[in-house]
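This chain uses plain numbering: 1 for the first residue, then up along the sequence. Scope of the values below: all heavy atoms of this structure, side chains included, with no hydrogens, waters or symmetry mates.
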Amino acid sequence: MTMDFQYQLEILAEPEEVFAALTNPFQIELWSGYPADMKAEKGYVFSLWEGDITGVNLEVIPHCKLVQEWFFGEQEEASVVEITLKKQHQKTLVQLSHTYIPEEVYEEITEGWREYYLGSVKSMLEMY
């Protein structure tokens, strides 16, 4: 069985800065603590957290939208992550949708999004 997850937060940064933090391997390493294999290109197969997260970029609209399929082994439905960025005054509204998350890893994935992924991006970008 699979589950879906919706989440949003505001980051005190420009959409360009948030997008770079999500797609630039050097910035990803800064907030995650691990080397990243990532490019902001459609079709690029990426790997984060020493291969704990792998997938492919399905759609890349710089500074606006990132759509990825995350690989969870043998699974009927593709697990799709969609992140949209919207400028709101001095902040960026980050809207996340993650579909078809395997039930057995749902809690780990959702905590990861809030604390270690988007939470770490927010901490890094709002540090200064």
Side-chain angles (χ1 to χ4, degrees):
M1 188 167 147
T2 61
M3 302 171 77
D4 296 345
F5 178 64
Q6 309 290 320
Y7 182 66
Q8 68 179 30
L9 80 160
E10 290 182 329
I11 299 177
L12 184 58
E14 295 293 320
E16 295 81 4
E17 296 171 291
V18 177
F19 188 82
L22 296 170
T23 59
N24 179 301
F26 301 107
Q27 290 195 37
I28 294 170
E29 186 171 352
L30 285 176
W31 59 259
S32 74
Y34 294 96
D37 182 6
M38 172 66 79
K39 283 188 184 171
E41 295 175 3
K42 182 178 177 178
Y44 192 81
V45 177
F46 63 86
S47 176
L48 309 173
W49 273 282
E50 299 181 320
D52 286 350
I53 298 173
T54 58
V56 62
N57 290 334
L58 302 176
E59 184 180 0
V60 179
I61 302 173
H63 321 306
C64 296
K65 188 178 196 180
L66 182 62
V67 181
Q68 302 172 323
E69 178 183 347
W70 282 23
F71 302 146
F72 286 107
E74 296 299 318
Q75 183 171 308
E76 284 184 32
E77 298 286 344
S79 184
V80 176
V81 169
E82 181 174 315
I83 300 172
T84 58
L85 308 176
K86 295 180 180 163
K87 184 169 176 59
Q88 291 190 326
H89 308 289
Q90 304 302 313
K91 298 180 179 181
T92 297
L93 176 64
V94 180
Q95 295 175 301
L96 166 76
S97 169
H98 191 167
T99 61
Y100 298 107
I101 303 168
E103 187 176 23
E104 63 272 12
V105 295
Y106 183 82
E107 290 301 321
E108 180 183 343
I109 294 293
T110 57
E111 178 187 14
W113 274 119
R114 286 190 290 268
E115 300 297 321
Y116 306 109
Y117 206 108
L118 295 177
S120 293
V121 168
K122 179 178 173 76
S123 294
M124 180 188 79
L125 291 175
E126 291 184 353
M127 190 182 313
Y128 303 106

Task: Cluster link Leu58 to Phe71, ILVMFWY, side chain under 4.5 Å - done: yes
Task: Hydrophobic cluster identity match, Tyr34 and Trp31, side-chain contacts under 4.5 Å - done: yes
Open item on the list: I need the Met3 CE to Ser79 OG distance, nearest 0.5 Å.
Closed with: 12.5 Å
- [ ] Provide the closest heavy-atom pair for Leu125 versus Ala21 in the form atom of the first, atom of the second, distance.
- [x] CD1-CB, 4.2 Å
Open item on the list: Return the CE to CG distance between Met127 and Leu30, rounded to the nearest 0.5 Å.
Closed with: 8.5 Å
TODO: Kindly say whether Leu12 contributes a backbone atom to a donor-acceptor pair with the side chain of Glu126 at under 3.5 angstrom?
DONE: yes
Open item on the list: Taking side chain to side chain donor-acceptor pair (under 3.5 Å) as the criterion, tell me which of Lys87, Lys91, Gln90 meets it with Glu14.
Closed with: Lys87
Open item on the list: Under the criterion side-chain contact (heavy atoms from CB on, under 4.5 Å), I'd like the reasoning laid out for Glu59 against Glu82: C-alpha separation, chi angles, the key distance, then a yes or no.
Closed with: CA-CA 9 Å; Glu59 184 180 0; Glu82 181 174 315; 5.9 Å; no
Task: Point-to-point distance, once rounded to the nearest 0.5 Å, from CD of Glu16 to CG of Leu85 - done: 9.5 Å
Open item on the list: Working note: Ile53 + Phe46, criterion side-chain contact (heavy atoms from CB on, under 4.5 Å); need CA distance, chi angles, decisive distance, verdict.
Closed with: CA-CA 8 Å; Ile53 298 173; Phe46 63 86; 4.0 Å; yes
Open item on the list: Could you tell me if the side chain of Phe5 sits less than 4.5 Å from the side chain of Ile109, heavy atoms only?
Closed with: no
TODO: Grab the two heavy atoms, one from Ala36 and one from Ile28, that are nearest each other, plus how far apart they are.
DONE: CB-CG2, 3.5 Å
TODO: Measure across Cys64 and Phe19 and return the closest heavy-atom pair with its distance rounded to 0.1 Å.
DONE: N-CD1, 4.3 Å
Task: Minimal non-hydrogen separation, Met38 against Asn57, with atom names - done: SD-ND2, 3.7 Å
Open item on the list: When you compare the side chain of Val94 with that of Tyr7, does any pair of heavy atoms fall below 4.5 Å?
Closed with: no
TODO: Check salt bridge (charged side-chain N to carboxylate O under 4.0 Å, His left out) between Glu29 and all other residues, then give those that pass, not counting sequence neighbours.
DONE: none
- [ ] Working to the nearest 0.5 Å, report the span between CD of Gln8 and CG of Leu96.
- [x] 10.0 Å
Open item on the list: I'd like to check the side-chain hydrogen bond (donor to acceptor under 3.5 Å, both in side chains) partners of Thr54; sequence neighbours left out, ordered by chain and number.
Closed with: none
Open item on the list: Side-chain heavy atoms nearer than 4.5 Å, only ILVMFWY residues, links allowed to pass through others: does that put Val67 and Leu22 together?
Closed with: no
Open item on the list: Filter on side chain to side chain donor-acceptor pair (under 3.5 Å), then keep only pairs touching residues 99-121, sequence neighbours left out; what's left?
Closed with: His98-Trp113
Task: hydrophobic_cluster_shared for Val80 and Leu66, side chain cutoff 4.5 Å - done: no
TODO: Indicate, with yes or no, if Ile83 and Met124 share a hydrophobic cluster defined by side-chain heavy-atom contacts under 4.5 Å among Ile, Leu, Val, Met, Phe, Trp and Tyr.
DONE: yes
TODO: Kindly write out the residues that satisfy salt bridge (charged side-chain N to carboxylate O under 4.0 Å, His left out) with Lys39, not counting sequence neighbours, or none if the list is empty.
DONE: none
Open item on the list: Please report the interatomic distance OG1(Thr92) to NZ(Lys86), rounded to the nearest 0.5 Å.
Closed with: 12.0 Å
Task: Working for side-chain contact (heavy atoms from CB on, under 4.5 Å), residues Ile101 and Asp4 - done: CA-CA 6 Å; Ile101 303 168; Asp4 296 345; over 6 Å; no
- [ ] Under the side-chain hydrogen bond (donor to acceptor under 3.5 Å, both in side chains) rule, collect the residues that match up with Thr84, sequence neighbours excluded.
- [x] Gln95
- [ ] Kindly compute the distance separating CD1 (Ile11) from CG (Leu118), expressed to the nearest 0.5 Å.
- [x] 6.5 Å
- [ ] Please list, chain by chain and in numerical order, all residues satisfying side-chain contact (heavy atoms from CB on, under 4.5 Å) with Asp37, sequence neighbours excluded.
- [x] Tyr44, Ser47
Task: Shortest non-hydrogen separation from Phe26 to Asn24 and the atoms involved - done: N-OD1, 2.8 Å
Task: For the student: nearest non-hydrogen atoms of Val18 and Ala13, plus distance - done: CG2-CB, 4.2 Å
